[in-house]
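Presented below is the structure to which this report refers.
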Amino acid sequence: MKQILIAEDDPDIQELLCAYLRDAGYAPSAAGDGVEALNLFRTRSFDLVLLDLMLPKIDGFAVCELIRRQSQVPILMVTALDGEEHQLRGFGMDIDDYVTKPFSMPVLLEKIRVILKRSSGPGGEHRLNYQDLTVDPDSREAVLDGQILDLTAREFELLYTLLSSPGRVFTREMLLARLWGWDYYGDERIVDSHIKNLRRKLQRDYIETVRGIGYRAAKKTS
């Protein structure tokens with residue numbers, strides 16, 4: 001059953017979307033603002049995101065940008081903003097489609113079906129192969145030299161985030177916002193602690209420290 005995240009602040013539209021999606025055989029999860037949507041996306045695995053643009057706390061464009069930094073999950077924007085500039089901005093962020101309100105539910109469902117069919121393709125397209133390491137977000141397993149690593153959920157997400165963009169520097173603030181959530185106000189040194197544990201379990205120099213900034217995955221050597 002395909003998991004769909006609905007980021008929509010209007011409770012009536014949210015309820016309508018959830019009902020139709022369930023009837024169509026999908027498993028919807030709803031968020032009423034941008035922060036809630038990002039936190040849900042951080043803790044769950046979704047096959048598609050239905051994204052309103054005029055969300056409280058963090059708007060849809062910012063949500064889209066943050067999702068795109070870590071995932072190529074299909075995104076379908078569903079919004080009352082029908083201006084060409086908004087649509088061009090959305091497509092410039094690699095969304096899959098743009099639907100304006102009011103919309104036809106049968107047409108929306110057909111767009112979802114087509115997008116999911118197009119994105120499914122051969123299995124394992126989101127799996128990361130990095131030197132001797134394979135990281136699979138579907139099974140939530142990291143396999144090194146044929147052995148499954150004993151990682152916590154947060155360690156897995158941290159590893160996947162770093163390895164998805166080898167060479168890119170992630171600040172502690174970026175990692176905190178992405179993996180712990182925008183409402184986290186604890187000590188940012190918690191990132192350092194998780195990195196230390198990851199390095200111990202990997203026993204490889206896969207994660208580099210960028211002094212005074214943050215961390216990055218070493219660029220692939222082959």
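Note that the numbering runs from 1 along the sequence shown for the chain. Bear in mind the structure is a predicted one, so any value in this text is a computation, not a measurement. Side chains included, hydrogens not; waters and symmetry mates left out as well; all remaining heavy atoms used.
- Sorted by first and then second residue, the salt bridge (Lys or Arg N to Asp or Glu O under 4.0 Å) pairs with a member in residues 194-210 read Asp145-Arg204, Glu155-Lys201, Glu208-Arg216; sequence neighbours excluded.
- Among all heavy-atom pairs drawn from Lys101 and Ile13, the shortest one is NZ-CD1, 3.8 Å.
- Using modelled atom types, no side-chain atom of Ser71 and backbone atom of Ile67 make a donor-acceptor pair closer than 3.5 Å.
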Going through the distances and angles, do Leu144 and Tyr206 end up as a side-chain contact (heavy atoms from CB on, under 4.5 Å)? CA-CA 12 Å; Leu144 180 63; Tyr206 288 167; 4.1 Å; yes

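- Using a 4.5 Å heavy-atom cutoff, the side chains of Val210 and Phe170 are not in contact.
- Note that CG of Leu21 and CG of Leu16 are 9.0 Å apart. Values are rounded to the nearest 0.5 Å.
- Across all non-hydrogen atoms, the minimal contact from Pro56 to Gly32 is CD-O, 3.5 Å.
- Here the straight-line distance linking atom CG of Leu53 with atom CD of Glu8 works out to 10.0 Å at 0.5 Å rounding.
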side-chain contact (heavy atoms from CB on, under 4.5 Å), that's the test. Do Asn197 and Leu151 meet it? Break it down for me. CA-CA 9 Å; Asn197 290 336; Leu151 302 181; over 6 Å; no

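- In terms of modelled atom types and a separation under 3.5 Å, the side chain of Asp52 and the main chain of Leu55 share no donor-acceptor contact.
- Between Leu176 and Ile190, the closest side-chain pair of non-hydrogen atoms falls below 4.5 Å.
- In the hydrophobic cluster analysis, where Ile, Leu, Val, Met, Phe, Trp and Tyr join through side-chain heavy atoms closer than 4.5 angstrom, Val169 is grouped apart from Val191.
- Within the 4.5 Å cutoff, the side chain of Thr79 has no heavy atoms near those of the Leu51 side chain.
- Looking only at side-chain heavy atoms (C-beta outward), Leu5 and Val73 stay at 4.5 Å or farther from each other.
- Smallest separation of non-hydrogen atoms from Ala217 and Tyr130: C-OH, 4.1 Å.
- Counting only heavy atoms from C-beta outward, the side chains of Leu128 and Leu159 never approach each other to under 4.5 Å.
- In this structure, CD1 on Ile58 lies 13.0 Å from SG on Cys64, to the nearest 0.5 angstrom.
- Taking hydrophobic clusters as Ile, Leu, Val, Met, Phe, Trp and Tyr residues chained together by side-chain heavy-atom distances below 4.5 Å, Val143 does not share a cluster with Leu158.
- Taking all atoms of both residues into account, the shortest heavy-atom contact from Cys18 to Ile6 is SG-CD1, 3.7 Å.
- Put simply, the side chain of Lys2 does not reach to within 4.5 Å of the side chain of Leu48, judged on heavy atoms.
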Check step by step if salt bridge (Lys or Arg N to Asp or Glu O under 4.0 Å) holds for Glu110 and Arg113. CA-CA 5 Å; Glu110 183 62 17; Arg113 185 192 68 79; 2.6 Å; yes

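- Residues Ile112 and Tyr26 meet the side-chain proximity criterion, which asks for heavy atoms closer than 4.5 Å.
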Test log, rule salt bridge (Lys or Arg N to Asp or Glu O under 4.0 Å), inputs Asp96 and Arg68: CA-CA 12 Å; Asp96 293 79; Arg68 275 291 172 260; 3.6 Å; yes

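- Taking every heavy atom of both residues into account, Leu109 and Tyr20 meet most closely at CD1-CD2, 4.2 Å.
- Of all heavy-atom pairs between Ile4 and Phe46, the closest is C-CD2, 3.7 Å.
- With rounding to the nearest 0.5 Å, the separation of CD in Glu157 from CG in Leu175 is 11.5 Å.
- Note that CE of Met77 is 11.0 Å distant from CG of Asp97, once rounded to the nearest 0.5 Å.
- The hydrophobic cluster containing Ile213 does not contain Leu162, counting ILVMFWY residues as joined when their side-chain heavy atoms lie under 4.5 angstrom apart, directly or transitively.
- In the hydrophobic cluster analysis, where Ile, Leu, Val, Met, Phe, Trp and Tyr join through side-chain heavy atoms closer than 4.5 angstrom, Ile148 is grouped apart from Val135.
- A donor-acceptor pair under 3.5 Å is absent between the side-chain atoms of Arg154 and the main chain of His194, judged by distance alone.
- The OG1 atom of Thr161 sits 11.0 Å away from the CZ atom of Arg42 when rounded to the nearest 0.5 Å.
- With a 6.0 Å radius and a threshold of 12 heavy atoms from other residues, nucleotides or ligands, Glu173 has its CD atom above the threshold.
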Sequence neighbours excluded and cut-off under 3.5 Å, please list the side-chain donor-acceptor pairs for residues 83-93, or say none.
from: Gln87; atom 1: NE2; to: Asp82; atom 2: O; distance (Å): 3.2

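- Heavy-atom contacts from other residues, nucleotides or ligands closer than 6.0 Å to CZ of Phe156 number more than 12.
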